[in-house]
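Given the structure is predicted, the values throughout are model-derived calculations rather than measurements. Counting starts at 1 for both ligands and their atoms, in listed order.
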Amino acid sequence: MTNAIPTIRILPELLINQIAAGEVVERPAAALKELLENSLDAGSSRIDIDLAQGGIKRIRVADDGRGIAAEELPLAVARHATSKIRVLEDLERVASLGFRGEALASLSAISRLSISSRAEGAAHASRFEVVGGEASAVEAAALERGTVVSAEDLFFNTPARRKFLKTEATEFGHCEDVAQRLALAVPDVAVSLTHNGRRLWQLHPGEPKARVAAILGEEFSAASAEIDERAATFSIVGWVGLPRYSRAGRDQQYLFVNGRFVRDKLLVHAIREAYSDVLHGGRHPAYALFLNLDPAMVDVNVHPTKAEVRFRDSRAAHQFVFHALDKALSVSAANTAPAVANPLDWITSRSGQSQQRGHGGQGAQTSNMQSVQTWQRASQPSFTQLNAREPNAFYEVMRGETTAPFSDANDGTNTVISESWRSELNSQDHQAFPPLGFALAQLHGIYILAQNANGLVLVDMHAAHERIVYEKLKTALDLNQLASQPLIAPIAMALGERDMALVTDHREFFEQLGFDLAAISPTEIAIRAGPAMLPTLDANAMLRELLDDLAEHGASRALTEKRDEILGTMACHGAVRANRQLAIPEMNALLRDMEATERSGQCNHGRPTWYQFALHDLDKLFMRGR
Ligand code: ADP
Ligand code: MG
């Protein structure tokens with residue numbers, strides 16, 4: 001044997017710290033995060049961040065917190081030295097951001113670290129320096145209050161690590177992310193960021209909403225819903241972007257658990273689920289959410305940088321977050337008015353770019369949901385019923401007395417407002433307007449123009465109707481009331497081998513959706529009945545798509561996991577098509593349906609279904625003083 005057995009040795013302190021540094025402060029942003037958390041734990045109300053060369057050259061954090069006593073300075077950089085926990089039990093309800101006592105020790109091993117601090121009540125400040133593990137003596141220093149920690153030349157003595165650093169710009173980007181997350185969590189703390197001598201931003205203490213607007217932007221703020229749900233074990237507050245403010249990336253997803261920024265798979269999943277119905281697959285939601293719970297119910301000590309947490313009751317956490325968001329995102333049309341603050345700005349921004357913009361103002365909120373019921377007159381036919389009078393409708397439609405007066409309205413005169421509607425429109429009593437107002441006309445077969453108390457409402461008729469049909473289908477299927485209606489004359493449809501097999505094997509699937517299908521030859525079926533709710537349905541095309549869905553997902557998944565997709569397919573085919581002429585009463589019926597339908601502010605794909613143009617903004621557009 002030539003290979004000697006290596007002897008076991010205790011590692012030197014410096015090496016231990018350098019190894020730990022690989023986990024705790026693996027890049028400038030991680031080091032910055034640790035320093036910022038220390039400042040917050042010290043009760044600071046003001047934190048100034050000063051970086052050089054993306055933090056690689058220098059990370060300096062100055063705060064006005066409690067400070068560190070002169071005699072404790074050397075302890076602060078000792079490994080496993082902390083003022084935050086003392087016994088194991090403390091770990092179970094740790095309220096501070098730090099507690100492992102590793103950060104300063106790690107930083108002192110891989111940078112030139114200096115700490116100046118003045119403990120509350122101390123006669124003067126003190127300063128202490130550690131370079132590559134070598135500590136200086138503690139000296140008197142000049143500092144009015146708080147602590148200044150500066151880490152320079154990161155990884156100067158561990159070149160292998162240094163090689164892993166990215167460009168200055170990338171490292172700076174990560175540092176800025178860290179600074180923004182922290183600033184978001186503590187709106188009452190003033191935070192500033194300087195890079196290479198330039199002050200980039202400075203946030204004053206203020207309301208959470210103002211901080212959110214400062215970091216996620218005014219546009220987000222104007223296009224978001226506030227969340228405030230409090231239950232016995234959990235509470236969640238914050239803002240979630242409305243679907244029309246969706247993003248191409250995950251860059252604006254801020255989630256905090258007990259004030260700690262986390263990336264928690266479980267919670268992210270709950271959020272994603274809540275958006276699944278209102279957001280198109282490829283888009284990402286934006287949010288700033290703060291979940292709080294008893295510290296004993298969540299373990300933050302499962303990850304060296306505490307980016308992950310573990311809930312004692314993860315199912316309850318998931319459900320709570322899902323329901324809070326679902327509720328906020330389900331509000332119906334009257335509460336989700338995408339109001340346009342400045343129409344001119346809106347028009348120019350639309351013409352040049354495809355990215356959606358939401359502007360301030362919650363115009364239609366003034367007319368709230370209480371008025372909706374008033375307008376859901378029992379006698380009023382729904383839009384879908386009215387729309388059934390289209391010539392190529394497949395169904396025989398029960399035409400009650402109430403629909404009769406409208407039955408001749410679709411004669412091309414639908415831009416002419418009847419006398420009775422005109423008098424309602426002219427009514428000075430704005431309370432008389434339902435939230436989405438009364439229809440005035442149809443534009444190019446695509447948009448409905450309506451007048452409400454605030455001004456002009458513009459509705460994308462297909463998108464709005466698609467959402468209404470979709471929501472109705474979901475409700476009906478849940479209640480097992482997706483009624484079927486016989487066709488006046490059955491429709492024959494030729495099918496390939498695969499589809500013939502699917503139809504015969506999954507009779508029940510189609511029955512649940514309201515279809516009655518019968519094979520009339522080896523290559524042909526008859527559609528004998530379809531969903532009563534979709535009188536305008538394009539049965540052939542809809543069936544073909546349903547068969548594709550069925551083939552792709554299998555019958556067992558089709559009506560469970562893929563249920564919403566299936567209903568979406570039906571809604572798309574069942575919704576009124578562009579270029580279909582609508583009579584004024586039909587348009588009004590659609591508006592009333594929208595008011596009564598959850599999530600009708602967006603179509604199934606997350607696009608807005610309507611906009612509000614406030615009268616005073618139109619006045620501005622025409623420079624019309626009043
Ligand atoms: P931890 O934060 O896990 O306790 P650190 O190594 O980050 O460990 O810090 C060690 C100790 O130094 C802290 O427990 C705290 O007492 C003190 N300390 C660090 N930074 C500050 C600061 N900015 N203000 C006051 N005390 C500080
Ligand atoms: Mg710390």
Side-chain angles (χ1 to χ4, degrees), residues 13-14 16-26 28-50 59-88 90-91 93-111 113-122 125-130 133 135 138 141 143-151 154 178-179 181-182 185-186 189-192 258-261 295 300-307:
E13 183 77 6
L14 176 62
I16 293 174
N17 285 334
Q18 287 173 336
I19 292 170
E23 280 191 325
V24 184
V25 292
E26 90 278 14
L32 175 62
K33 171 173 177 282
E34 294 293 336
L35 298 185
L36 293 176
E37 291 186 347
N38 281 346
S39 294
L40 285 185
D41 283 344
S44 307
S45 59
R46 176 186 174 139
I47 302 177
D48 295 299
I49 306 163
D50 181 5
I59 304 171
R60 185 172 176 277
V61 173
D63 67 46
D64 64 352
R66 275 187 293 277
I68 308 170
E71 62 276 16
E72 287 187 5
L73 274 178
L75 261 185
V77 301
R79 191 166 166 75
H80 304 310
T82 178
S83 57
K84 297 168 194 175
I85 55 170
R86 278 166 208 284
V87 290
L88 179 66
D90 292 346
L91 198 53
R93 28 185 64 255
V94 60
S96 57
L97 293 164
F99 54 79
R100 297 167 68 116
E102 283 181 323
L104 293 183
S106 299
L107 264 178
S108 74
I110 53 105
S111 73
L113 183 75
S114 76
I115 308 175
S116 302
S117 190
R118 182 169 183 172
E120 260 167 17
S126 311
R127 190 184 131 89
F128 176 73
E129 218 177 73
V130 196
V138 175
L143 182 69
E144 204 166 316
R145 62 183 305 190
T147 304
V148 181
V149 179
S150 178
L154 249 63
V178 162
R181 286 170 199 159
L182 172 113
V186 287
V189 175
V191 185
S192 75
N258 288 352
R260 212 181 273 286
F261 177 87
V300 292
N301 193 26
V302 293
H303 192 266
T305 64
K306 311 175 196 82

Under-4.0 Å heavy-atom contact with ligand 1, by part of Asp63 that carries it: side chain

Pair Leu97-Arg260, side-chain contact (heavy atoms from CB on, under 4.5 Å): steps then yes or no: CA-CA 7 Å; Leu97 293 164; Arg260 212 181 273 286; 4.2 Å; yes

Point-to-point distance, once rounded to the nearest 0.5 Å, from CG of Asn38 to CG of Leu107: 9.5 Å

Polar atom proximity, Val149 to ligand 1 (N or O, under 3.5 Å): no

Ser83, portion touching ligand 1 at heavy-atom distance under 4.0 Å: both

Validation row: Val77, Leu113 side chains within 4.5 angstrom (heavy atoms): yes

CZ/Arg181: more than 12 non-hydrogen atoms of other groups inside 6.0 Å: yes

Under 3.5 Å: N/O of Asp41 near N/O of ligand 1: no

Glu129 CD to Ile115 CD1 distance, which is reported to the nearest 0.5 Å: 10.5 Å

Thr82 near the Mg ion (ligand 2): N/O/S under 2.8 Å: no

Test item, Gly65 contacting ligand 1 (heavy atom, 4.0 angstrom): no

Passing candidate, side chain to side chain contact (heavy atoms under 4.5 Å, CB included) with Val25, options Leu154, Ile110, Leu104: Ile110

For Ala103, atoms of ligand 1 separated by under 4.0 Å from a heavy atom: 6 (O), 7 (O)

Atom pair CD (Glu37) and CG (Leu32), whose distance is rounded to the nearest 0.5 Å: 10.0 Å

Heavy-atom proximity to atom 4 (O) of ligand 1, best of Thr147, Thr82, Leu35: Thr82

Numbering as shown, the atoms of ligand 1 that approach Ala42 to under 4.0 Å (heavy-atom distance): 24 (N), 25 (C)

